[in-house]
Amino acid sequence: MMSDYESRLSALLHSITPEPPAQVQSAFTSTRPHESDEDLPAWPIEPSADRRWIALGAAAAILGIALIGGAVIAVKATSSGHHASLGGSPKPAVSGPGQPAGANQCRSDQLVDTQGSYLGVGANGRSTQTIPLVNTSARACDFSQSQVVVEDSTTHHQTVLPGAAGTTSQSVRPGQELTLTVVFTVKDPSGPCSVVKPNVVYNVAEPNIVINFADTPKAVGPVLAPGFCPITYTGLRMTVGPVMPQSIAMPKVAGLSATAARSALTSAGFSSVTTAPVPSPTVAPGRVVAASEPAGLELPPGITITLDISTGPDTGATAGTPPAGSAMLPSFAGQSETEATNLAVAIGMRIQIKSSPSAQVPYGSVIQQTPVAGSVVLTGSTITITVSRGP
Amino acid sequence: MSSFEDFVAANSRQFLRSAWLLTGDWAGAEDLVQSTIAVAWRRWSTIEGLAQPEAYVRRILVNLFISSRRRQSATEISVGEIFGAAAHDDLADTEMRLVLLKALAGLPKKQRAVIVLRYFNDLSIEQVAEILGCTSGTVKSQSSRALSKLRSVPALAPSFEESI
């Protein structure tokens, strides 16, 4: 009945679909979802009851509010019956048969959803920006005692952000490591403790910013008092990675000296710059004739920019500014004797070398030249250069 | 223990695995199953009396999935995704999962549901049609369209030839 292909697909689906991770599975199979359950006091009113009251806080994103992860609150309720409510709806109207109705109950209409963006990080090296990073959502009767603690792992500076709902942000540097501790103190008059299953969604809204997470969020929480259940997610270490701007505008570099052009590119964000010597009749030697990318173009920062650096007029070039049979002299200053000789020969000149002591110019480098750089001389003329003998 | 709790405990594993194939990650799967169970709970007195309550609940799950507007954003990283990946032991399996999930994610929701129901839940064409509330003909055409799309994924090809 099934084709071979279908059978193989079926076999593949069966073999490749993983088992649910324990923390996911436990939300559905255990009435005691957290390790901290051992600490839970017996419910004072009806200690024998061990019924589960599941409030299912599904994604608030159903409402299209934000990228919010759902949260499950599994409450140990006091009497028989279950209660399930579908999260995301503003008024959970669901009520299971035999739902407890005592005065101490957190009634379904008292449940509130909370959601918030807790931490904004951002820094692109030049300007600092803040973005929402962590969205959490949960559902309980009272979040008044909730807080979020952000600690810088290096300085141990703590920022305490009050309230479980709302948005707050903090600017961080790239490379900074933060420990995020989210404390939900869920006050639930209906039971000893509203055990909130953590579902913190890191909403890295900024594609430029790389957040590296370490550690699995853990829900821990000693019970403060009956009805209060602090759920702490701790150890959410995150490192703000290198911030890569998406694109940078190519600066104008033509005409600048090679050094100035290079530093202009570096400060704009281009890290890879190479140079290539090219003859140019119009651009003074050592200056940028052209760059491999036109100025103003938006480019990815990783691109290699090649700068054409003028070596002065080409010997063979007859179409330049200097008349045929002549050339504009480049500057030989700072070059070694060999370099200067090679360049002179390359542009069709003869060279005569003198030497002179100099305290400023290193041994072997050209101090001066005659005629001076920029002079137009006939091809075959002799250029005299003076090379330093040292001090 | 009530029958509802028993039911959830007994079936959540299969529901979660199906939901994982549909949504592509555990966080999404968990949300989907949670929503499903919440809906099922409301109708439990009806469902309880059915011959195959799990079939009915699966129907809720699939239809919630198809009607959900939620699309995982590329910039959203859920904890489960980050840490779940490390939990897989076998690298080849992990790669295969990613390839498969990517291929499934490329299908329209209804076709994805057909694939999961038909080849993972091993339901007949008629059963799939009933769950999706469409005709057998529609299931067949959706299924063959989805299969031909999956077939065209080169990374999936070798595994089909090797297996069996």
Side-chain angles (χ1 to χ4, degrees), chain A residues 2-21 23-25 27-31 51-52 54 56-59 61-62 64 67 69-70 72 80-88 94 96-97 198-207 211 213 215-217 236, chain B residues 2 4-5 8-13 15-18 20-21 26-35 37-42 44-45 68-70 72-80 82-84 87-88 93 96-97 100 115-116 118-120 122 143 147 150-151 156 159-161 163-164:
Chain A
M2 273 198 194
S3 69
D4 268 11
Y5 183 83
E6 288 173 287
S7 312
R8 285 193 291 266
L9 174 65
S10 180
L12 181 69
L13 285 173
H14 279 285
S15 68
I16 217 79
T17 306
E19 290 298 323
Q23 71 265 29
V24 173
Q25 179 74 66
F28 299 99
T29 53
S30 167
T31 53
R51 306 309 297 249
R52 207 163 37 141
I54 312 167
L56 296 156
I62 293 168
L67 303 168
V72 184
S80 61
H82 307 276
H83 174 86
S85 68
L86 181 60
V94 193
N199 194 349
V200 181
V201 173
Y202 301 90
N203 175 18
V204 184
E206 199 66 18
I211 311 286
F213 292 102
D215 301 342
T216 310
L236 299 186
Chain B
S2 75
F4 182 72
E5 271 188 345
V8 171
N11 292 287
S12 60
R13 177 180 153 271
F15 289 152
L16 281 167
R17 293 177 83 208
S18 301
W20 180 83
L21 281 173
W26 287 119
E30 201 181 337
D31 281 354
L32 181 56
V33 175
Q34 280 165 15
S35 307
I37 289 173
V39 173
W41 170 245
R42 275 190 266 183
W44 185 241
S45 54
S68 68
R69 278 191 297 156
R70 185 177 189 275
Q72 175 115 3
S73 152
T75 58
E76 179 180 334
I77 301 171
S78 71
V79 179
I82 297 166
F83 300 108
H88 303 315
D93 269 9
M96 199 60 224
R97 282 187 189 116
L100 188 66
I115 293 290
V116 172
R118 182 100 176 81
Y119 304 111
F120 180 67
D122 301 317
S143 168
L147 282 174
L150 289 180
R151 256 188 141 131
L156 280 174
S159 70
F160 284 132
E161 272 137 44
S163 53
I164 294 189

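In the text below, chain A, chain B and the rest are named by the order of the sequence lines, each starting its count at 1.
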> Roughly how far, to the nearest 0.5 Å, is the CG atom of B:L16 from the OG1 atom of A:T17?
Replying inline: 12.0 Å

> What distance separates B:R118 CZ from A:L13 CG, expressed to the nearest 0.5 Å?
Replying inline: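 With rounding to 0.5 Å, CZ (B:R118) is 12.0 Å from CG (A:L13).
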
> chain A heavy atoms under 4.5 Å from B:L147: which part of the residue, side chain, backbone, both or neither?
Replying inline: both

>> Is B:L32 close to chain A through its backbone or its side chain, or both, or neither, when contacts mean heavy atoms under 4.5 Å?
In response: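 For B:L32, neither part sits under 4.5 Å from chain A.
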
> Under 4.5 Å between any side-chain heavy atoms of A:P20 and B:W20, yes or no?
Replying inline: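 No - every pair of side-chain heavy atoms lies 4.5 Å or more apart.
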
> Which residues pass the side chain to side chain donor-acceptor pair (under 3.5 Å) test with B:S143, sequence neighbours left out?
Replying inline: B:Y119

